[in-house]
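Bear in mind the structure is a predicted one, so any value in this text is a computation, not a measurement. As the structure lists them, so they are numbered: ligands from 1, and atoms in each ligand from 1.
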Amino acid sequence: MKEIKEDIISVGANDAKRELFDELIPLPDGTSYNSYLIKGNEKTALIDTVDPTKKDILLNNLKEVQKIDYIVANHAEQDHSGTIPDILLKYPEAKVICNEKCKDMLIDLLHISEDKFIVVKDKEEISLGEKTLQFIFTPWVHWPETMVTYLKEDNILFSCDFFATHHATEDLEIKDKEAIYKSAKRYYAEIMMPFRQMINKNMEAIKNLRIDIIAPSHGPIHNEPSFITDAYKDWISEDVKNEVVLAYVSMHGSTKIMADHLRKSLEDKGISVKFFNLIGADIGELAMALVDVATIVIGSPTVLTGAHPNAIHAAALVNALKPKTRFLSIIGSFGWGGKMVDQLASLIPNLKVEVIPPVLIKGLPRKEDFKKLDELAEQILEKHKTI
Ligand code: FEO
């Protein structure tokens, strides 16, 4: 529990030991569920709550608080909303402030009764006395109902998942900028990247606010907002780097030999390669590498007539994350036949990429196969010259 400014207190919880989010996303640095208490001279508001697994910490942090008038739900996902029912039990007079979409979700997800809500419209304000909350709709970061809350007099943006970081820390503020940048990029890649165009619109929606502090609902607060907003501007821009993500899996070594050769051929041409063996790869690292990469190459053997399941997983992930990648190719080796390339190609309909003809070979690569890989590297180089 820490004071951000007078009468604005962080009352959320760290979850340093959590290893996966949504049972999907690795959390190498854990996470936090930030909740903020704002005491006006007339009303008191709680901005978001915490994951239900940490409700005791939030309730303990509120033990001296006699009255809460408003619980602002910026987002219905349970890591922020899941303790609202417990707060309503302790403070039965409190009302949940949210938008119409969020209200419907909270009724479905948490069975909160209809009479507990105050529904707000975009840009609507609610007074706490000398402090004013303004609610700004920022849909699709990363659910349809998401909004942010702006504390006008103090120039604080409570952004919930927007600009957040899965990074457990006892420090309210950023101590290690490099580590937080990496965590923020991982967070953006895994959660926000599929909604890049909407993020762009939402950046516009907040650009005229004077913001001194961004207080997200995961990770440290940003006392230097441009640190995170500039990073977002970079990630959502159309710019891609002269890089290839080369993600492969190999059964008997042939596809690995191809991947190693292609990597060297690309690097010899001045193209940087982010190289992933899909057996045991951290999908968060892979997602981060996708944020601004120009080309993706997936390597797979043929197994049971199709692509290897880890290559299928990688292709499905890339398709779901929708990176701004411009080019894609596939490489691999087969023993006796199959539909590996067709199967992988069918898994990426969301990508707006130009497909560079795959290199598919039989068995252990021969001299002519290495030549085909060199030609693929040359084609990638030529494509990168156009970006
Ligand atoms: Fe942090 Fe979308 O919940």
Atom 1 (Fe) of ligand 1 - closest N/O/S atom in His80:
NE2
Examine all N, O or S atoms of Asp79, backbone included, and report whether one is under 2.8 Å from atom 2 (Fe) of ligand 1.
no
Do Ile380 and Lys383 have side chains that get closer than 4.5 Å, going by heavy atoms?
no
Closest His75 atom to atom 2 (Fe) of ligand 1 [N, O or S only]
NE2
Could you give me the CA-CA distance, side-chain angles and deciding distance for Tyr188 and Thr165, then say whether side-chain contact (heavy atoms from CB on, under 4.5 Å) is met?
CA-CA 8 Å; Tyr188 166 84; Thr165 313; over 6 Å; no
Nearest to atom 2 (Fe) of ligand 1 - the N/O/S atom of Glu77, by atom name
OE1
N, O or S from Asp161 under 2.8 Å to atom 1 (Fe) of ligand 1:
yes
Between Asp230 and Lys233, is there a salt bridge with N-O shorter than 4.0 Å?
yes
When you group the ILVMFWY residues by side-chain heavy-atom contacts below 4.5 Å and let the links chain together, are Val148 and Leu106 in the same group?
yes
So CG of Leu58 and CG of Asn34: to nearest 0.5 Å the spacing works out to 11.0 Å
